Amino acid sequence: MVRHQVNSSQRPIGIFDSGIGGLTVLKEIFERLPHESTLYLGDTARVPYGIRSPETVTRYSFENTRFLVSRDIKMLVIACNTVSSVSLDALRCNFPVPVVGVIGPGAKAAAAATKTKKVGVIGTEATVSSGSYTRAIQSIDSSIEVFSISCPLFVPLVEEGWTEGLITELTAEKYLAGVRDKAIDTLVLGCTHYPLLKPVFSKIMEDSVGLIDSAIETAMEIRSILKEQSLLNAPGSPVRHKFFVTDAPQKFLTVGERFLGRNIEHIEKIKLEMEV
Ligand code: DGL
């Protein structure tokens, strides 16, 4: 059941991810939109999405979205690169709220940043094999060459808290070798977890290579859409942040507070209504 509040701009922004990683996007929303209330859903029972088929990712995404829409959100943010890559259009067509994904904003920033017209993209297997970043970047400028590499080991390393150190550096060197020899000047961090590895990437890549953080670009896009639709919450209005997970709230709290850089209050474990 949709619960309507009096003022539509006071309604929360709904954000979901396959798990904890989307908190990197939420962090940027907190920073850039401090007057907005948020509902964050992490599907921790079914993470990771990046190794699953597009059909499964889309089914999970519908279940997540239905939950958030039932709580009267004013906008849906898909923090997950994998979901944004394979399910964005289906979600836009089927739900009555503005839907923002992370691929478009990241692609726009990459296309604007590259001078050599050579861009690297790193992400999950599902994101890379969908070709979403390549399509989005080349729809802005077809002369840009895009080199994509899937890096499945980065997600577990970050979840484990290994955001620096020899093992992570060696892993990154091995993956990034595939884009380093392509003379790129821009590298898109096409996965929720990768912003936490920025110091490692900066160490390995030439200084001339700019890192594009989709989380920052997405927060800016959210702001401009809310402004355009007169949905920005007025300063001074009450602001609430609530977190929902489908499993293991304690782990979410521990790892999540590191992602978010602040305390997580108001967390609830929920059961999603499954599609039949
Ligand atoms: N959130 C996913 C993404 O940005 C990474 C974790 C997963 O595979 O579910 O692609």
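First listed ligand is number 1; within each ligand, the first listed atom is number 1. Everything numeric in this text was worked out from a predicted model, so none of it was measured. Side chains are part of it too, since the values below use all heavy atoms of this structure and drop only hydrogens, waters and symmetry mates.
Residue contacts with ligand 1 for Val47 involve side-chain atoms from C-beta outward but no N, CA, C or O (heavy atoms, distance under 4.0 Å). Only the side chain of Thr124 comes within 4.0 Å of ligand 1, counting heavy atoms alone; its backbone N, CA, C and O stay farther away. Residue contacts with ligand 1, taken as heavy atom pairs separated by less than 4.0 Å, involve Ser18 solely via side-chain atoms from C-beta onward. Contacts of Asp17 with ligand 1, taken as heavy-atom pairs under 4.0 Å, involve the side chain alone.
A salt bridge links Lys74 with Glu36: the closest approach of a Lys/Arg side-chain nitrogen to an acidic carboxylate oxygen falls below 4.0 angstrom. Between Glu268 and Lys242 a salt bridge is recorded (basic side-chain N to carboxylate O distance below 4.0 Å).
Here the heavy atom of the protein found nearest to atom 8 (O) of ligand 1 is Gly50 N, 2.8 Å. Closest protein heavy atom to atom 10 (O) of ligand 1: Thr82 OG1, 2.7 Å.
Contact between Cys191 and ligand 1 is present, with at least one heavy atom of the residue lying under 4.0 Å from the ligand.
Crowding of Lys203 atom NZ: a count of heavy atoms from other residues, nucleotides or ligands under 6.0 Å not exceeding 12.
Residues Asp17 and Tyr49 have side chains that never bring a donor and an acceptor to within less than 3.5 angstrom of each other. Of the N and O atoms on the side chains of Asp43 and Thr246, at least one donor lies less than 3.5 Å from an acceptor on the other residue.
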Could you go through the side-chain contact (heavy atoms from CB on, under 4.5 Å) check for Thr163 and Thr168 one step at a time?
CA-CA 7 Å; Thr163 50; Thr168 306; over 6 Å; no
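Ring pair Tyr40/Phe252 is tilted by interplanar angle, where 30° to 60° counts as tilted.
Near Tyr49, with a cut-off below 4.0 Å to any heavy atom, the atoms of ligand 1 are 7 (C), 8 (O), 9 (O).
Considering backbone and side-chain N/O of His193, none are found under 3.5 Å from N/O of ligand 1.
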